[in-house]
Amino acid sequence: LLPAHTEAFYRYSGSLTTPGCNEIVTWTLLHHPQTVSEHQLARLRAVLDSEGHPMGDNYRPVMPLHGRRVLVTGLQPRVTITHRVVQGEKEEEMLNTLWYFNTVPGWAVVLIALGVALNVGCLVFLLTRSRSGHVRIPTEEYGG
């Protein structure tokens with residue numbers, strides 16, 4: 001059921017959609033929507049829970065972000081995320097528009113910093129070595 005292109009997606013920490021609503025879920029939403037056929041939807045609606053009841057209609061309305069960060073991956077550098085509130089047939093866009101940028105994983109930043117530091121260290125070593133020339137250290141064998 002996954003679309004051909006899954007590299008663009010949104011990810012955020014959230015909660016279960018069923019009572020208890022424990023905040024233990026990391027939600028991932030693909031940027032490119034995927035469609036399902038009527039047959040596939042009918043089979044999904046026919047799934048029963050452990051008590052034999054249909055699992056349909058187990059959703060809740062969209063909740064506010066409450067300061068949660070939405071990680072955007074695989075899109076152009078600048079992405080606008082707005083929160084829309086639907087009340088009846090009226091849809092309103094929240095006044096505060098949030099800007100998010102593609103992020104680089106922390107391990108990649110550390111790896112790049114170590115690589116740069118190693119290159120700078122080697123360059124400094126080579127430059128100081130070539131300026132001072134070779135130095136002979138007297139030893140007992142050569143009668144320093």
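Checked by atom type and distance alone, the side chain of Asp49 pairs as donor or acceptor with a backbone atom of Glu51 at under 3.5 Å.
Separating the OG1 atom in Thr26 from the CG atom in Leu71 is a distance of 10.5 Å, to the nearest 0.5 Å. Rounding to the nearest 0.5 angstrom, the gap separating the OH atom in Tyr12 from the OG1 atom in Thr28 is 9.0 Å.
Scanning both residues, Tyr10 and Val72, for their nearest heavy atoms gives CD2-CG2, 3.8 Å. Contact detail for Gly74 and Ala8: the closest heavy-atom pair is O-CB, 3.7 Å.
Under the side chain to side chain contact (heavy atoms under 4.5 Å, CB included) criterion, Glu23 pairs with Ser15, Arg68, sequence neighbours left out. In this view, His32 satisfies the ring-ring contact (aromatic ring centres under 6.0 Å, His included) rule with no residue, not counting sequence neighbours. Applying the side chain to side chain contact (heavy atoms under 4.5 Å, CB included) criterion to Ser37, with sequence neighbours excluded, gives His39, Gln40. For Leu30, the side chain to side chain contact (heavy atoms under 4.5 Å, CB included) partners at least two apart in sequence or on another chain are Leu2, Pro3, Thr6, Phe9. The side chain to side chain contact (heavy atoms under 4.5 Å, CB included) test applied to Val47 returns Met55, not counting sequence neighbours. Arg43 meets the side chain to side chain donor-acceptor pair (under 3.5 Å) test with no other residue; sequence neighbours excluded.
Contact check for Leu48 versus His53: no side-chain heavy atoms found under the 4.5 Å cut-off. Val25 places none of its side-chain heavy atoms less than 4.5 Å from the side chain of Ser13. Residues Val120 and Leu118 are not in side-chain contact: their nearest non-hydrogen atoms beyond the backbone lie 4.5 Å or more apart.
More than 12 heavy atoms of other residues, nucleotides or ligands sit less than 6.0 Å from atom CD of Glu7.
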